[in-house]
Every structure is written in structure tokens, then in C-alpha cells.
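Here is how names work: the chains are called A, B, and so on, in the same order as the sequence lines, proteins then strands, and each is numbered from 1. No hydrogens, no waters, no symmetry mates; every other heavy atom, side chains included, goes into these values.
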Amino acid sequence: AQSVTQLDSHVSVSEGTPVLLRCNYSSSYSPSLFWYVQHPNKGLQLLLKYTSAATLVKGINGFEAEFKKSETSFHLTKPSAHMSDAAEYFCVVSDSQGGSEKLVFGKGTKLTVNP
Amino acid sequence: EAGVAQSPRYKIIEKRQSVAFWCNPISGHATLYWYQQILGQGPKLLIQFQNNGVVDDSQLPKDRFSAERLKGVDSTLKIQPAKLEDSAVYLCASSFDRGQYNEQFFGPGTRLTVL
């Protein structure tokens, strides 16, 4: 079965500094990977997705992630944090075993942005 | 385009009581998902419908949880009787089937507290 491990439950950065949210995946075949963001009292929103095309994926709001097969990683980065980036971020892998496509979520990383 | 609608947004019940959640997916989306998100964890898929048929309910506790999607549009998730450990946010998502990857759009969720 596919799985993801988010290496940090909490990350705190200052506004204007870089953001790094780490994710490792486990997959028996070439995975589809995603990052979702969840703001308080709002629905989950797709930030970006990797589906075996370019390994560097650009998403919304200046976020990007790089698929590294050799390291089984899919870390999320942003050059400069903004206060509005404060939220919970989920690394997600798609599991297509059993004939249906199922999203398997990591436990989440809470990002705090300090002024 | 209207998003995924869910109601109620919040519900508080006592253990052993029954509760029902409603979801209206984005118009035209054939696939509908119910997720359970326990505090501090990522969402976990409970059940997936395609039109009005069940695709995957392997993680649905069928002794107390049930779900239906009559007419292939809106859906209801029921818990009867509720237990303390059912306290969670219940998320509904929908997707439009168009090939390799079908982006899931999430509703705001229903926060259930079982006392």
C-alpha cells in the first residue's frame, strides 16, 4: 500500500523567509503525489500535483515541490513566506490498487508564520 | 461555479445517539467521497461512490456507519449509534471523471462532537 510520512508536525518561520515542509513517500510503483492546504474552518485545497511529468512542480501561491525518486521525497517549498500561508499542509499519495483511486493523506504539518 | 456543500457545519450529540450529515457535490461530478478527519490526523477515506454505486467502502465501520447516494447526486452519511471516538470532522469531496487523475474538490466539513 502507498503511504506518506510528513517529517515535521509543526514548522514555524518568519514572514519573508523560506518555507520547507518535508514529505517522504512509500510506493511500490511510480506514484502520483499531491500537496493540499487546509486553512482554519475552510475546505482542503489542492496546492500542486505530480503525476510523472516534470519532477519540479509549480503550484498556486508561489509554492513548488520537487519529486526525487532516489530519496523518495516530495518536499514543499516557497521562497518567501507570507502571513496568509499559515495553515495545515498535507502531503498525499494516490493509491490506485483495488480498481479505485484513493487519496492517502499524511498526518499534516502545521505552518506558523511569525511577523 | 458553486463548491461542495455540506450541512450541518457543527453537531454536538451524546454517545449512543444518531446523527446524519448531508453533502451536495459540484454539479456534474460523478464521484463522491466521504472522509473522516480526527484531530491531529490527515483525512481518511470512508466511502467512495461513482454515480449511485459504491466503489470503495473498505474503511467504513459498517456496524454503525452507513451512507447512500440516491439518484447519483447528493449523499447522506449516518452514524448510529455514535461513540466517543467518532468525534471528528467529516469531509465530503467530489470529482469529475475525465481520465488519469481526477482532482477532488472538498467541502468545508461537518465538525462532530460526541459527548
- Tell me, out of B/Leu45, B/Leu91, B/Val4, who's got the most heavy-atom pairs with chain A below 4.5 Å. B/Leu45

- For the hydrophobic clusters of this structure (ILVMFWY residues joined by side-chain heavy atoms under 4.5 Å, transitively), does one cluster hold both B/Val89 and B/Ile47? no

- Message: For A/Phe63, run the ring-ring contact (aromatic ring centres under 6.0 Å, His included) check against A/Tyr89, A/Phe34, A/Trp35 and tell me which one passes.
- Response: A/Tyr89

- Note on the structure: Most heavy-atom pairs under 4.5 Å with chain A, out of B/Tyr35, B/Tyr33, B/Phe106, belong to B/Phe106

- Item | Residue among B/Gln37, B/Arg111, B/Gln50 with most heavy-atom pairs under 4.5 Å to chain A | B/Gln37

- Item | Contact leader toward chain B among A/Val92, A/Val104, A/Leu44, where contacts are heavy-atom pairs under 4.5 Å | A/Leu44

- Query: chain A: which of B/Pro108, B/Gly42, B/Ser58, B/Gly40 shares the most heavy-atom pairs with it under 4.5 Å?
  - Reply: B/Gly42

- Item | Exceeds 12 heavy-atom contacts within 6.0 angstrom, atom CG of B/Leu84 | yes

- Query: Going by the angle between their ring planes, with limits at 30° and 60°, are B/Trp34 and B/Phe21 parallel, tilted or perpendicular?
  - Reply: tilted

- Okay, A/Glu88 and chain B: the region with an atom under 4.5 Å from a heavy atom over there is neither

- Task: Could you tell me if the ring centre of A/Tyr25 sits under 6.0 Å from that of A/Phe74?
- Result: no

